[in-house]
K.L.:
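I'd like to ask some things about the structure below.
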Amino acid sequence: MSKNYWLVKSEPSAYSFDDLISEEDMSAEWDGVRNYAARNNMQKMKVGDQVLFYHSMIVPPKVVGISVVVKEAYPDNTAWDTESEHPDPKSSPDNPIWYMVDIKAQARMACSVSLNEIKAHPGLTEMVLVKLSRLSVQPVTETEWNYIVEMGHPEKIT
DNA sequence: GCCAACGTTGGC
DNA sequence: GCCAACGTTGGC
């Protein structure tokens, strides 16, 4: 199986790329996803798949970094934690419904890539980000990935 | 199974 | 803050 590419969105006021970098080992659980299409995409993620980190709900919204999957989908225990931010009463340890993965920060875009730039790029008009803007975990094709990396000039985080 | 009503997301 | 687009819920 060859490597696949993805994009995840986060509101930086809730959880930013810098927050991920600040974590021990620069990795964290990607929990709180409560959308079936997004969950299904997470369940397809394999260790080593690379993930664009996108900041939404800011001006301008933009891709700010690159992360990598370090743990494949497993039950999101925050779903049945009534104290968590997104509890789902239908979820339980026996019937988790919702899943999360672990991702680790890899590189920061020296030039973050704004949604405007993405929309303006002739090779990126079919990106899920453009077509289905609300999907918070989405696939990225290898071609799209290469264009974004070309524009973003990622610098490895040490 | 359909569809109206409602809730949420996210760009602007 | 507004609104369009989409997802979910629930009555029938």
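Numbers restart at 1 for each chain; the letters A, B, ... are given by sequence-line order, proteins then strands.
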K.L.:
Look only at the side chain of Ser84(A) and the backbone of Thr78(A), and say whether a donor-acceptor pair between them is shorter than 3.5 Å.
P.N.:
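Such a contact is found between Ser84(A) side chain and Thr78(A) backbone.
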K.L.:
Once the angle between the rings of Trp30(A) and Phe53(A) is folded into 0 to 90°, is it parallel (under 30°), tilted (30 to 60°) or perpendicular (over 60°)?
P.N.:
perpendicular
K.L.:
Identify, between Arg134(A) and Val59(A), the residue whose nearest nucleotide on DNA chain B lies closer to the 5' end.
P.N.:
Arg134(A)
K.L.:
Given side chains that start at C-beta, do those of Asp18(A) and Leu20(A) come closer than 4.5 Å, heavy atoms only?
P.N.:
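Asp18(A) does not reach Leu20(A) side chain to side chain.
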K.L.:
Tell me whether Val64(A) shares a hydrophobic cluster with Met57(A), the cluster being built from Ile, Leu, Val, Met, Phe, Trp, Tyr side chains joined at under 4.5 Å.
P.N.:
no
K.L.:
Using a strict cut-off of less than 4.0 Å between a Lys/Arg side-chain nitrogen and an Asp/Glu carboxylate oxygen, indicate whether Asp76(A) and Arg39(A) qualify as a salt bridge.
P.N.:
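Salt bridge flag = no for Arg39(A) with Asp76(A).
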K.L.:
Is there a side-chain contact between Tyr54(A) and Leu115(A) in this structure, where contact means two heavy atoms from C-beta onward sitting under 4.5 Å apart?
P.N.:
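Side-chain contact under 4.5 Å: yes.
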K.L.:
For a quick check of understanding: with a heavy-atom distance under 4.0 Å over all strands, which category does Lys119(A) fall into, base, sugar-phosphate or nothing?
P.N.:
sugar-phosphate
K.L.:
Name the first nucleotide and the last nucleotide along DNA chain B (5' to 3') that come under 4.0 Å of a heavy atom in chain A.
P.N.:
dG7(B) to dC12(B)
K.L.:
Scan Leu115(A) against the nucleic acid and name what it touches under 4.0 Å (heavy atoms): base, sugar-phosphate only, or nothing.
P.N.:
sugar-phosphate
K.L.:
Compute the angle between the rotation axes at the two ends of the helix from dG1(B)-dC12(C) to dC12(B)-dG1(C), each taken over five pairs, rounded to 10 degrees.
P.N.:
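The helix from dG1(B)-dC12(C) to dC12(B)-dG1(C) shows an end-to-end axis angle of 10°.
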K.L.:
Within 45 degrees of the ring normal and closer than 6.0 Å to the centroid, is that where the cationic atom of Lys3(A) sits relative to Tyr5(A)?
P.N.:
no
K.L.:
Is any side-chain heavy atom of Met45(A) closer than 4.5 Å to a side-chain heavy atom of Val69(A)?
P.N.:
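They are in side-chain contact.
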